[in-house]
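The structure under discussion appears below in the form of structure tokens.
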Amino acid sequence: MNAQFDAIIIGAGPAGTATAIGLAKQGRSVAIIERSAFPRRKVCGEFTSAVNVDLLERLGVGAEFRRQAGPEVRRVALFAAGNTVEAPMPPGQGTAFGRALGRDVLDSLLLDAARDEGATVFQPWRATDIVRGVERSSVTIESPTEQLQLEASVMVAAHGSWEPGKLKTNLAKINRPHDFLGFKAHFHGGRLPPDLMPLIAFPGGYGGMVWADHDRLSLSFCMRRDALARARLASPNSSAADATYNHILGSCPDVADVLRGAELAGPWVAAGPIRPGIRSAFENDVFRVGNIAGESHPIIAEGIAMALQSGWILAAQLGKHEHWDIDARAAAGQAYRSAWRNQFATRIRLAAILSGVAASSNGAKLMQAFIGRFPVSLSLGAALSGKTKPVPALV
Ligand SMILES: Cc1cc2nc3c(=O)[nH]c(=O)nc-3n(C[C@H](O)[C@H](O)[C@H](O)COP(=O)(O)OP(=O)(O)OC[C@H]3O[C@@H](n4cnc5c(N)ncnc54)[C@H](O)[C@@H]3O)c2cc1C
């Protein structure tokens, strides 16, 4: 007989683990499937805004987050071609400020918390097929040597949006000049002030820098595919990441200044193209959380928050129904879809506008001129991007 669960969650990024922990806390039997072995590095700036501090506590990783994360980020800045512009970061609840924790650390902590709550973890196993049924659905999972079938009434796609795959919930491949590719590296020894998180704007892309755990300076950025091709012509024999990095150092003197003498801590990681936009949080009887439901351009550094919060909100909506028959799933799906839009749609739209301006040929200069005149717009942008918006199922 196939292994039976109440819910099966595909993907153990922050969205999948938050859902798993939320459902397991209700006493549901949960399977979570993750194709990579942890700890694994991930393209991500690794900043989590202050409004998530209480949620991390509820998820059981609050103490470790506080112990390990980098310093509180109290100021935001714009690093572009000219002078630096700075503004205060708006605090979350009380006086809490956001901090950065490496995804190799955070994702492992969350998956351990899901396991501690009773979730069954299949890792490293890849989900390769979902077959929907009226009462229960089945998922095929594969390891390098075995294949298994799991069954559950609730199916949750939490597998992110950047990797191609065989699942019906995977996005179709794209290859367009204006797609953005993501890169990330850690450095030791940079000279960024501990409480400052600069937004970096350069022709063809944007990025960010922040101090994370273990004195690691996290640098991450997105670059348009066509701009990357031009950068590679200017840096022949370099990797895509190195070519973009050289392009940023040449375009943003402040970045070059902060990283002078810093040493790479581990290799660059790359991903993409990223898939910003609003998709569907519930479709064909499959719930979607995190990036696969919808994704903001990382210029606002809100993807981890959206992943954690969407998982938590979904678990709260499902928790309103004792039995998950098809009607209960449809009702929970509708309520979740509307809560999702209410919580995330504005920031996704704002991030799309900001990224379009930042990456345009004159965008960095325009942003610098505008923010230089109105530095408060940096703080306002941080607030509009959701950094102070409470998590509904916690209030
Ligand atoms: C350059 C850059 C910088 C960023 N900076 C920040 C930042 O500072 N702060 C922030 O909040 N966000 C940031 N983000 C966004 C953030 O990284 C994502 O939004 C976040 O990782 C989404 O989480 P998720 O759980 O939805 O998906 P993911 O984190 O992508 O997790 C999905 C998981 O599913 C697994 N998986 C995939 N397919 C399968 C399968 N078939 N079977 C089993 N497992 C599977 C994957 O291995 C993965 O572990 C950044 C993004 C980029 C590109």
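Computed from a predicted structure; not experimentally measured. Whatever order the structure lists ligands and atoms in, that order sets their numbers, starting from 1.
- For CZ of R40, the number of neighbouring non-hydrogen atoms (other residues, nucleotides, ligands) closer than 6.0 Å is greater than 12.
- Proximity of P298 to S220: side-chain heavy atoms (C-beta onward) are nowhere separated by under 4.5 Å.
- At a threshold of 4.5 Å between non-hydrogen side-chain atoms, the residues D285 and M155 do not count as touching.
- Among the atoms of D107, none of the N or O lies under 3.5 angstrom from an N or O of ligand 1.
- Applying the 4.0 Å criterion to heavy atoms of F221 picks out, from ligand 1, the atoms 1 (C).
- For ligand 1, the atoms lying closer than 4.0 Å to a non-hydrogen atom of G290 are 26 (O).
- Within the 4.0 Å heavy-atom cutoff, E295 does not count among the residues contacting ligand 1.
- Heavy-atom distances between T48 and ligand 1 stay at or above 4.0 Å for every pair.
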After noting the C-alpha distance and the side-chain angles of D257 and R191, does the key distance pass the salt bridge (charged side-chain N to carboxylate O under 4.0 Å, His left out) rule? CA-CA 8 Å; D257 196 35; R191 294 189 299 154; 3.2 Å; yes
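- No hydrogens or angles considered: a donor-acceptor pair under 3.5 Å links the side chains of R132 and S137.
- In the displayed structure, E86 atom CD is contacted under 6.0 Å by more than 12 heavy atoms of other residues, nucleotides or ligands.
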Evaluate the criterion ring-ring contact (aromatic ring centres under 6.0 Å, His included) for residue pair Y245 and F183; output intermediate values, then yes/no. CA-CA 9 Å; Y245 181 54; F183 300 92; over 10 Å; no
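- By the 3.5 Å distance cut-off applied to N or O atoms, I292 is not counted among the residues near ligand 1.
- In the vicinity of V43, heavy-atom distances shorter than 4.0 Å reach the ligand 1 atoms 1 (C), 17 (O), 53 (C).
- E302 and S296 form no side-chain donor-acceptor contact under 3.5 Å, judged by distance and modelled atom types alone.
- Set against the non-hydrogen atoms of S220, the atoms of ligand 1 under 4.0 Å away are 1 (C), 3 (C).
- When heavy-atom distances to ligand 1 are checked against a 4.0 Å cut-off, P14 comes that close through both its backbone and its side chain.
- Ranking protein heavy atoms by distance to atom 11 (O) of ligand 1, first place goes to I304 N, 2.6 Å.
- Atoms of ligand 1 found under 4.0 Å from any heavy atom of I274 (numbered from 1 in listed order, with element): 53 (C).
- Under the side chain to side chain contact (heavy atoms under 4.5 Å, CB included) test applied with V258, the options L196, L192, L219, I200 reduce to a single match, L192.
- Q26 places a side-chain N or O within 3.5 Å of a backbone atom of A315 that can act as its donor or acceptor partner.
- The nearest non-hydrogen atom to atom 25 (O) of ligand 1, considering only S218, G205, A15, A12, comes from A15.
- Closest protein heavy atom to atom 37 (C) of ligand 1: H159 O, 3.3 Å.
- Residues V357 and I248 do not share a hydrophobic cluster, clusters being chains of Ile/Leu/Val/Met/Phe/Trp/Tyr side chains in contact below 4.5 Å.
- With hydrogens left out, the protein atom closest to atom 48 (C) of ligand 1 is E34 OE1, 3.5 Å, a heavy atom.
- Atoms of ligand 1 lying under 4.0 Å from any heavy atom of E46, numbered from 1 in the order shown and given with element: 7 (C), 8 (O).
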Hey, mind stepping through T244 and R232 against side-chain contact (heavy atoms from CB on, under 4.5 Å) and telling me if it holds? CA-CA 8 Å; T244 313; R232 292 198 78 167; over 6 Å; no
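- Checked against a 3.5 angstrom limit, the closest N/O atoms of W162 and ligand 1 fall outside it.
- By heavy-atom distance, the residue among G160, G303, G98, G11 lying nearest atom 15 (C) of ligand 1 is G303.
- Between C222 and ligand 1, no pair of N/O atoms sits closer than 3.5 Å.
- The 12-atom threshold is not exceeded at CG of D215, counting heavy atoms of other residues, nucleotides or ligands nearer than 6.0 Å.
- Here F180 and W162 keep their ring centres 6.0 angstrom or further from each other.
- Shortest contact from atom 52 (C) of ligand 1 to any protein heavy atom: P298 CG, 3.5 Å.
- Distances below 4.0 Å separate heavy atoms of S36 from the following atoms of ligand 1: 47 (O).
- Looking at atom 14 (N) of ligand 1, its nearest protein heavy atom turns out to be C44 SG, 3.8 Å.
- Within the 4.0 Å heavy-atom cutoff, R103 counts among the residues contacting ligand 1.
- The protein heavy atom nearest to atom 19 (O) of ligand 1 is N291 OD1, 2.8 Å.
- In terms of N/O distances under 3.5 Å, ligand 1 is approached by F47.
- Residue contacts with ligand 1: R40 is placed with a nitrogen or oxygen under 3.5 Å of a nitrogen or oxygen of the ligand (distance criterion only).
- Summarising the contacts of atom 32 (C) of ligand 1 with A18, A158, P273, the nearest heavy atom is found in A158.
- Q147 CD: more than 12 foreign heavy atoms inside a 6.0 Å radius.
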Begin from the C-alpha positions of Y336 and L318 and carry the test side-chain contact (heavy atoms from CB on, under 4.5 Å) through to its verdict. CA-CA 9 Å; Y336 167 60; L318 283 166; over 6 Å; no
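- In this structure, the protein non-hydrogen atom closest to atom 31 (O) of ligand 1 is G13 CA, 3.4 Å.
- Without hydrogens or angle criteria, E57 side chain to G62 main chain gives no donor-acceptor distance under 3.5 Å.
- On a distance-only criterion, K42 and ligand 1 share at least one N/O pair closer than 3.5 Å.
- For ligand 1, the atoms sitting less than 4.0 Å from at least one non-hydrogen atom of E302 are 10 (C), 11 (O), numbered in the order shown with element in parentheses.
- The only option from I10, L111, I8 that meets the side chain to side chain contact (heavy atoms under 4.5 Å, CB included) definition with I32 turns out to be L111.
- Of the protein's non-hydrogen atoms, the one nearest atom 42 (N) of ligand 1 is A127 N, 3.0 Å.
- Here atom 6 (C) of ligand 1 lies nearest to G45 when heavy atoms of S296, G45, A100 are compared.
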